[in-house]
J.: 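Encoded as C-alpha cells, here's the structure I'll be asking about.
Counting starts at 1 for both ligands and their atoms, in listed order. Since we're looking at a predicted model, the values are computed, not measured. Below, all heavy atoms of this structure are taken into account, side chains as well, without hydrogens, waters or symmetry copies.
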Amino acid sequence: MSIDYTQRIPNNVDLSSDRRLQRALENWQPRFLDWWKDMGPDGTLNFDVYLRTAISAEANGWANFGYVKMPDYRWGIFLAGQDPNRVIAYGDNKGKPVWQEVPGELRSTLRRLIVTQGDTEPASVEQQRLLGKTAPSLYDLRNVFQINCEEGRHLWAMVYLLHAYFGRDGREEAEMLLERHSGDPDKPRILGAFNEKTPDWLSFFMFTYFTDRDGKYQLASLAESGFDPLSRSCRFMLIEEAHHMFVGESGVQRIVQRTCDLMKEHKTDDVRSLGAIDLATIQRYLNFHFSVSLDLFGQEASTNAANYYTMGVKGRYLETRIDDDHVLTDSTFDMDTADNGRIVRKTVPALSALNERLRNDYIEDYTHGLIRWNRVIEQAGIAFELKLPHRAFNRRIGAFAELNVSPEGKVMSEADWKANEHKWLPTAEDRAYVTSLMGPAVIEPGKFANWIAPPQRGINNQPANFEYVRFN
Ligand code: BYC
C-alpha cells in the first residue's frame, strides 16, 4: 500500500479506517513535537534542510529530496509490504502462520522488546542535540539532521505498534518514551550506550558506525519476529539505517584521510600541532565505542534470548538463510566466556547463546570498514593499523564485565589496567583536545573544518558547494 501523505499522520496502514487509533496517535503527535523542540537539534526550528523523505515503503522508495523545516518533517507510519504466506521460521511455532495480533501469552515480552527498541531512537537524538553547533560543514550538518529525523521516525514506528496492539499499557509506554532522557539521573534511557554523551563529531561518527550497526543487527533479528507488524516495521527501518552507518564509516574515513594527508605533507606524527586528530586518539575512540556497543547485545548466556527465540518473537540474523533445524534444542555453540578470572572457551547450548551469536555476526561485519580506513593509512605510507579491540575489552555487561582485559585480550590485574587505561581509552585530555577542535559550525558552502577531508561525492549527487542547509 502506498504512503498517504494527505493525512495529518502520513501512513501506509490505512490509519483513517481506525478512528480511535488515529485519534490516539494524533494526541501523541503534539507531545512528540514538543519533545523534538525541547530535546531535538538545538536552535534549528527555522532551518531549511535538504532532506530525503520516504515516498514508498519499498527498497527503492527514497527518491524524494527537498528542503524541509525539521518540525515539518513528515514523520509517519511506514511498514514494509505484507507477505500473506509468511510463516514463523523458528522455535516452537515454526511453520505456523505469523501473528497479525499479539498472542496473549507473549504480550509483556513483545511490549518489552518494542519499548527497548523504541527507547534507543529518541535517546540518540538527545545525545546528538548539540552537534549542529560545531558541524564541520553544511554537508555534515545536513547528515546529522537527516539521521535525527529518521531516528524520530523510528520512534514513530515503535509508538504505532504500542498504540495499535498494546491498549492502555502501550499508550503509557509511548508516553514514557518521551519522558526518559539520555543521561538523566532519575529517568535514564534503558540501555547503557544511550546514556553516554556524544559531545563531538569524532564521537558522532564512531557512534553511527558502531552503535547504529547494533541497530542493524537488532532490527534484523526483530524483522524475523512472528509478530508480523513488528517484522514489517523493522524491515522498513533497516532501509533507513543503512545511511546512518554510511555517515559513520565515511566520516571516520575522512578524518583518517585528513590526518594522513597532514602527516605526509608535514612529515610529522604530531598532527595535533596542525589541528588534526592523531591516529592513536582515533584508535582510543574506536576502542571505546566498539566495547560500549558490544554491551548492547546483552549477556552471553541469556535465558531471555532463548525464550524470545523459542516463542518466535526474535530470531537470528538472516534466520531463513541459515541451514539448520531452526529449533536448536539439540544444538551447541562454542564461545569464549569468563571463568575463575580467565577467558575460556566453552561449548554451551545454542539456545542460551543467541546474544553471543548475534554479537559474532556484528563483529564480522567490521572487516569492510576497517579495511577501507586502513587502506587510507597504507596508501599514505604510514606504518599504523586501526584494530578492533578484543571482545572482552572494557565490558560492563556479560561475563567479561568482571575481568580487566587489554585490547589484545590479555587478562590483567586491576592495578595493571589502571596503569594502562590511558593508552587504550580516550583520556580527559584526549576529549578536551577533540572538543577544542570543534569550532563554530562551518557554514560556508563547500568549506570543511581543518580536521576532516571533504566527502568523495555529495548527497543525491549534489556538487561540493551545495547549500545543504539554509539558515533563516
Ligand atoms: N544496558 O538476558 P540479557 C538501535 C539487561 S540499537 C542495560 O542479556 P536480553 C539504535 C537486560 O535488559 C538496537 N541493561 O537480556 C542505534 C536484562 O534485564 P532484566 C536497540 C542491559 O534481553 C543507534 C538483563 O540485563 N534494540 O536501534 O537477552 C541509534 C539480562 O540481560 C543491557 C534492541 O536492543 C545493556 N546494554 O538482551 C538509534 C532490541 N544488556 O531482564 C538506534 C531489543 C542487557 O534482568 N532488545 N541488559 O531486567 C533486546 O533484544 C534485548 O533487550 C537486549 C538485551 C539484546 C538489549
J.: Are there over 12 heavy-atom neighbours, none belonging to Q100, within less than 6.0 Å of that residue's CD?
T.: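 Above 12, so yes.
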J.: Which of the numbered atoms in ligand 1 are below 4.0 angstrom from a heavy atom of L113?
T.: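 That gives atoms 43 (C), 46 (N), 49 (C), 50 (O) of ligand 1.
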J.: Could you measure the distance from the CG atom of D365 to the CG atom of N360? Nearest 0.5 Å is fine.
T.: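 So the gap between those two atoms works out to 12.5 Å.
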J.: May I ask you to list the atoms of ligand 1 that are less than 4.0 angstrom from any heavy atom of Y308?
T.: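 Listed by number with element: 22 (O).
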J.: Look up atom 24 (C) of ligand 1 and tell me if a protein heavy atom lies less than 4.0 Å from it?
T.: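 Answer no: nothing from the protein, no heavy atom, is under 4.0 Å.
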J.: Short N/O distance, under 3.5 Å, between N304 and ligand 1?
T.: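 Yes, N304 has an N/O under 3.5 Å of an N/O on ligand 1.
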J.: Are K69 and D48 within salt-bridge range, i.e. N to O under 4.0 Å?
T.: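 Here K69 pairs with D48 in a salt bridge, since their nearest N and O are under 4.0 Å apart.
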J.: Do R357 and Y309 form a cation-pi contact, if we require the NZ or CZ to be under 6.0 Å from the six-membered ring centre and within 45 degrees of the ring's axis?
T.: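 The answer is no, since R357 fails at least one limit relative to Y309.
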J.: Say whether E241, considering both its backbone and side-chain N or O atoms, lies within less than 3.5 Å of an N or O atom on ligand 1.
T.: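 Among all N and O atoms of E241, none is under 3.5 Å from an N or O of ligand 1.
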J.: Checking contacts here: is it the side chain or the backbone of F194 that comes within 4.0 Å of ligand 1, counting heavy atoms only? Could be both or neither.
T.: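 For F194, only side-chain atoms sit under 4.0 Å from ligand 1.
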J.: Would you check whether T116 has a nitrogen or oxygen atom less than 3.5 angstrom from a nitrogen or oxygen atom of ligand 1?
T.: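 No: no nitrogen or oxygen of T116 is under 3.5 Å from one in ligand 1.
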J.: Does an N or O anywhere in F297 fall below 3.5 Å from an N or O of ligand 1?
T.: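 No - when backbone and side-chain N and O of F297 are compared with those of ligand 1, no distance drops under 3.5 Å.
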J.: Just to check, does L354 reach to within less than 4.0 Å of ligand 1 when the distance is taken from its heavy atoms?
T.: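 Flag not set, L354 not near ligand 1.
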J.: Counting only heavy atoms from other residues, nucleotides and ligands, does the tally under 6.0 Å from CZ of R457 exceed 12?
T.: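 No, CZ of R457 has 12 or fewer neighbouring heavy atoms, counting only those of other groups under 6.0 Å.
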J.: Should you measure from each heavy atom of I190, which atoms of ligand 1 turn up under 4.0 Å away?
T.: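 Once the distances to I190 are compared, the set is 7 (C).
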J.: Taking all atoms of both residues into account, what is the closest heavy-atom pair of V376 and V256, and its distance?
T.: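 Distance-wise, the nearest heavy atoms are CG1-CG1, 4.0 Å.
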J.: Hey, does the Lys NZ or Arg CZ of R213 hover above the aromatic six-ring of Y209, less than 6.0 Å from the centre and inside 45° of the axis?
T.: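 Ring-cation test returns yes.
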J.: Using heavy-atom distances, let me know which of G248, A306, G298 sits nearest atom 54 (C) of ligand 1.
T.: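 Ranked by closest heavy atom to atom 54 (C) of ligand 1, first place is G298.
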J.: Tell me whether E173 is salt-bridged to R112, with the criterion being a basic N under 4.0 Å from an acidic carboxylate O.
T.: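 A salt bridge is absent here (no side-chain N lies under 4.0 Å from a carboxylate O).
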J.: Could you list the atoms of ligand 1 found under 4.0 angstrom from a heavy atom of S124?
T.: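 In order of numbering, the contacting atoms are 29 (C), 38 (C).
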J.: For atom 18 (O) of ligand 1, state which one of R112, E150, Q299 supplies the nearest heavy atom.
T.: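 Nearest heavy atom to atom 18 (O) of ligand 1 lies in R112.
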J.: Going by the order shown, which atoms of ligand 1 are within less than 4.0 Å of some heavy atom of G192?
T.: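 Near G192, meaning under 4.0 Å from one of its heavy atoms, ligand 1 has 1 (N), 7 (C).
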J.: Does an N or O anywhere in D295 fall below 3.5 Å from an N or O of ligand 1?
T.: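 Yes.
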J.: Could you list the atoms of ligand 1 found under 4.0 angstrom from a heavy atom of F207?
T.: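 Matching atoms, with element in brackets: 23 (C), 29 (C).
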J.: Evaluate the 4.0 Å heavy atom contact test for atom 5 (C) of ligand 1: does a protein atom fall under the cut-off?
T.: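 Protein heavy atoms within 4.0 Å of atom 5 (C) of ligand 1 - there are none.
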J.: Between F393 and W417, does the ring-ring contact (aromatic ring centres under 6.0 Å, His included) criterion hold? Intermediate values first, please.
T.: CA-CA 11 Å; F393 170 77; W417 166 268; 5.6 Å; yes
J.: Would you say R345 has more than 12 foreign heavy atoms packed within less than 6.0 Å of its CZ?
T.: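 Check passes, neighbour count above 12.
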J.: Looking at Q283 and K387, would you say the former's side chain and the latter's main chain have a donor-acceptor pair under 3.5 Å?
T.: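 Yes: the side chain of Q283 pairs with the backbone of K387.
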J.: Give me the residue, atom name and distance of the protein heavy atom closest to atom 26 (N) of ligand 1.
T.: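 Result for atom 26 (N) of ligand 1: Q117 OE1, 2.6 Å.
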J.: For ligand 1, which atoms have a heavy atom of E121 less than 4.0 angstrom away?
T.: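 Taking each heavy atom of E121 in turn, ligand 1 has 27 (O), 38 (C), 42 (C) under 4.0 Å.
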J.: With a 4.0 Å cut-off, strictly under, does atom 45 (O) of ligand 1 pick up any protein heavy atom?
T.: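 Not a single protein heavy atom is under 4.0 Å away.
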J.: Is R391 positioned over the aromatic face of F290, cation under 6.0 angstrom from the ring centre and no more than 45 degrees off axis?
T.: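 Checked: cation-pi criterion not met.
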J.: Could an N or O of ligand 1 be found under 3.5 Å from any N or O of K314, whether backbone or side chain?
T.: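 Min N/O separation from ligand 1 is below 3.5 Å for K314.
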J.: I want to confirm something. Looking only at heavy atoms, which of I147, L296, N355 is nearest to atom 53 (C) of ligand 1?
T.: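 The nearest heavy atom belongs to L296.
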J.: Which atoms of ligand 1 are found less than 4.0 Å from any heavy atom of A305?
T.: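 Near A305, meaning under 4.0 Å from one of its heavy atoms, ligand 1 has 28 (O).
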J.: Just let me know how I397 lines up against ligand 1, side chain, backbone, both or neither, with a heavy-atom cut-off below 4.0 Å.
T.: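 Near ligand 1, I397 shows its side chain, while the N, CA, C and O stay back.
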J.: Going by salt bridge (Lys or Arg N to Asp or Glu O under 4.0 Å), K346 matches just one of D334, D336, D339. Which one?
T.: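 The option that passes is D339.
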J.: So, is D212 polar-close to ligand 1, with some N/O to N/O distance under 3.5 Å?
T.: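 No, no N or O pair falls under 3.5 Å.
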J.: Where on H244 is there a heavy atom closer than 4.0 Å to ligand 1, on the side chain, on the backbone, on both, or on neither?
T.: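 Neither; no heavy atom under 4.0 Å.
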J.: Are the side chain of R180 and the backbone N or O of A123 linked by a donor-acceptor pair below 3.5 Å?
T.: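 Not at all, since once roles are kept as given, no pair shorter than 3.5 Å links the two residues.
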